[in-house]
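A quick write-up on the structure given underneath.
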Amino acid sequence: MSSSSSLYKQLGLGAGSPVSASHLLLLVLGAGFLALTVFVVHPNEFRIQSFFSGGCGRPGTDAATAAVAASPVKNVSGGASDAAAATTAARSPDDDVRVLIGIQTLPSKYERRNLLRTIYSLQAREQPSLAGSVDVRFVFCNVTSPVDAVLVSLEAIRHGDIIVLDCAENMDNGKTYTFFSTVARAFNSSDGSGSGSGSPAPPRYDYVMKADDDTYLRLAALVESLRGAARRDAYYGLQMPCDRENFYPFPPFMSGMGYALSWDLVQWVATAEESRRDHVGPEDMWTGRWLNLAGKAKNRYDMSPRMYNYRGASPPSCFRRDFAPDTIAVHMLKDAARWAETLRYFNATAALRPSHL
């Protein structure tokens with residue numbers, strides 16, 4: 001099947017589609033632009049600076065030098081472009097940490113995506129080195145609504161930060177498995193391309209993080225904490241259950257608010273029988289289940305208390321806390337009021353000048 005017909009299927013333009021003839025041309029043009037942007041122009045150009053600079057940076061050349069004071073990571077395991085030339089510069093082993101963050105969302109959640117683009121672009125503006133360390137992408141499955149097909153196409157053309165997976169939209173029916181396995185194939189460098197010597201090139205990313213769209217990430221703190229983590233066999237996040245006395249003692253896993261796997265584990269998930277056969281269930285628990293059953297992720301990093309759920313009026317707990325200056329991530333920001341309270345605490349509007357008003 002051609003790439004264009006596959007994209008038509010993803011965008012809901014197959015047989016039985018409710019699209020009328022008067023809308024077909026617009027949809028086809030939108031789908032074509034989405035295919036060009038997501039799968040041809042940007043497979044290796046997922047740059048966070050495109051949020052605010054028009055994507056002027058060159059791949060692989062961004063500085064990544066700023067450091068943010070943060071407490072060390074805690075290891076709980078005991079172990080220490082154009083369409084014709086979309087390429088990525090080879091990384092040397094001493095390059096700074098590189099993270100791909102896939103924010104799982106729904107095609108119709110335009111307002112949330114625009115809020116997150118604003119938040120993370122401003123963080124990158126304040127810390128320019130983030131543009132060389134973090135790539136943020138919005139991830140959803142096949143777009144079936146004719147309306148969403150057009151509007152998502154416009155987003156992809158403008159921002160180049162959309163990943164469309166070949167799956168039916170879901171939360172706990174394999175979407176995370178499809179995300180990790182798709183990323184592993186898209187950025188596979190095992191053929192040694194870009195190394196210049198025939199030996200395997202360094203991976204494009206050191207870590208891949210799955211995050212929710214109601215999670216606020218402080219990217220500089222995230223990157224700084226990962227600098228001290230192992231680059232292989234690593235599993236990073238807020239470990240659950242965090243209260244072994246009051247919670248059912250199921251095997252440990254990292255909360256779905258936002259957890260990262262080292263690149264070798266992403267590749268393993270893409271090929272392992274454990275994940276291929278059994279990926280229907282609570283996605284964060286099932287990721288931990290795969291790793292536990294296979295004896296993987298010897299390097300586990302529990303980022304409590306720096307990753308937590310929004311507390312509000314609820315009583316504090318081991319996973320629900322008040323804001324703190326060294327925070328990495330806040331979860332359960334379900335509405336605009338919670339987002340505003342969180343952003344106010346972390347002084348996200350510090351760059352506002354009187355002239356802006």
Side-chain angles (χ1 to χ4, degrees), residues 64 70-80 90-102 133-135 176-192 195 199-211 217 221-242 250-279 281-304 306-307 328-329:
S71 60
V73 295
K74 177 170 54 179
N75 188 331
V76 298
S77 66
R91 295 181 52 213
S92 63
D94 58 352
D95 278 347
D96 202 0
V97 63
R98 295 284 292 121
V99 188
L100 172 64
I101 301 174
S133 298
V134 181
D135 293 338
T176 297
Y177 165 74
T178 303
F179 167 63
F180 282 133
S181 57
T182 298
V183 167
R185 292 192 300 271
F187 296 103
N188 180 23
S189 61
S190 62
D191 61 355
S195 65
S199 59
R204 180 71 175 86
Y205 296 104
D206 299 299
Y207 306 96
V208 177
M209 171 175 271
K210 173 266 167 186
L217 292 167
L222 171 68
V223 168
E224 181 64 18
S225 67
L226 284 170
R227 285 195 181 108
R231 300 294 174 93
R232 294 187 60 82
D233 206 27
Y235 187 23
Y236 170 106
L238 171 63
Q239 182 165 290
M240 301 293 290
C242 56
F250 42 75
F253 64 94
M254 301 300 179
S255 166
M257 66 183 291
Y259 60 88
L261 301 179
S262 56
W263 180 251
D264 60 305
L265 290 183
V266 175
Q267 292 180 307
W268 176 82
V269 168
T271 58
E273 283 297 303
E274 290 88 342
S275 53
R276 186 187 64 81
R277 290 195 310 260
D278 184 19
H279 52 252
E283 60 87 18
D284 49 1
M285 293 179 63
W286 255 237
T287 300
R289 174 185 171 90
W290 304 330
L291 300 171
N292 293 332
L293 289 174
K296 295 287 187 178
K298 296 294 193 302
N299 298 300
R300 301 196 179 203
Y301 299 93
D302 178 10
M303 298 314 296
S304 175
R306 300 180 65 193
M307 299 177 74
I328 293 173

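These numbers come from a predicted model, not from an experiment. In what follows, every heavy atom counts, from backbone to side chain, and hydrogens, waters and symmetry copies are set aside.
Of the possible polar contacts, none joining the Ser304 side chain to the Leu238 backbone as a donor-acceptor pair under 3.5 Å is found.
Considering all non-hydrogen atoms of both residues, Asp302 and Gln239 come closest at OD1-N, 3.1 Å. Closest of all the heavy-atom pairs between Ala221 and Arg306 is CB-NH2, 3.8 Å. Residues Val183 and Trp263 come closest through the heavy atom pair O-CH2, 3.5 Å. Contact record, Ala234 with Tyr301: CB-CE1, 4.0 Å, taken as the closest heavy-atom pair. Summarising the geometry of Ala260 relative to Tyr207, their closest heavy-atom pair is CB-CB, 4.3 Å, with the distance given to 0.1 Å. Of all non-hydrogen atoms in Gln267 and Ala184, the two that sit nearest each other are CA-CB, 4.1 Å.
Ion pair Asp264/Arg231 not flagged as a salt bridge, since none of the NZ, NE, NH1 or NH2 atoms sits closer than 4.0 Å to an Asp/Glu carboxylate oxygen. A salt bridge links Lys210 and Glu283; the closest N-O separation between the charged side-chain nitrogens and carboxylate oxygens is under 4.0 Å. Salt bridge annotation for Lys296-Asp233: absent, with no cationic side-chain nitrogen under 4.0 angstrom from a carboxylate oxygen.
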Steps toward side chain to side chain contact (heavy atoms under 4.5 Å, CB included) verdict (Glu274, Trp268): CA-CA 10 Å; Glu274 290 88 342; Trp268 176 82; 3.7 Å; yes
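Between Met254 and Thr287 there is no side-chain heavy-atom pair separated by less than 4.5 Å. Side chains of Leu261 and Val208 form no contact here, defined as non-hydrogen atoms less than 4.5 Å apart. Looking at Met303 and Tyr259, their side chains never come closer than 4.5 Å, going by heavy atoms from C-beta outward. Within the 4.5 Å cutoff, the side chain of Leu222 has heavy atoms near those of the Ile101 side chain. In this structure, the side chains of Asp96 and Arg227 come closer than 4.5 Å at one or more pairs of heavy atoms.
For the residue pair Tyr236 / Ser225, a side-chain donor-acceptor distance below 3.5 Å is found, with atom types taken as modelled.
The line from CG of Leu226 to CZ of Arg98 is 12.0 Å long, rounded to the nearest 0.5 Å. Once rounded to the nearest 0.5 Å, the distance linking OG of Ser133 with CD of Glu224 reads 10.0 Å. Atom CZ of Phe180 is separated from atom CH2 of Trp290 by 7.5 Å, given to the nearest 0.5 angstrom. Remark: Leu100 CG to Met209 CE distance equals 10.5 Å, nearest 0.5 Å. Distance CE/Met240 to CZ/Phe253: 5.5 Å, rounded to 0.5 Å. Between atom CG of residue Leu265 and atom NZ of residue Lys298 there is a gap of 10.0 Å, rounded to the nearest 0.5 Å.
Under the rule for a ring pair (Phe, Tyr, Trp, His ring centres under 6.0 Å), the partners of Tyr177 that lie at least two apart in sequence or sit in another chain are His279.
Aromatic rings from Phe187 and Tyr205 are positioned such that their centres are separated by under 6.0 Å.
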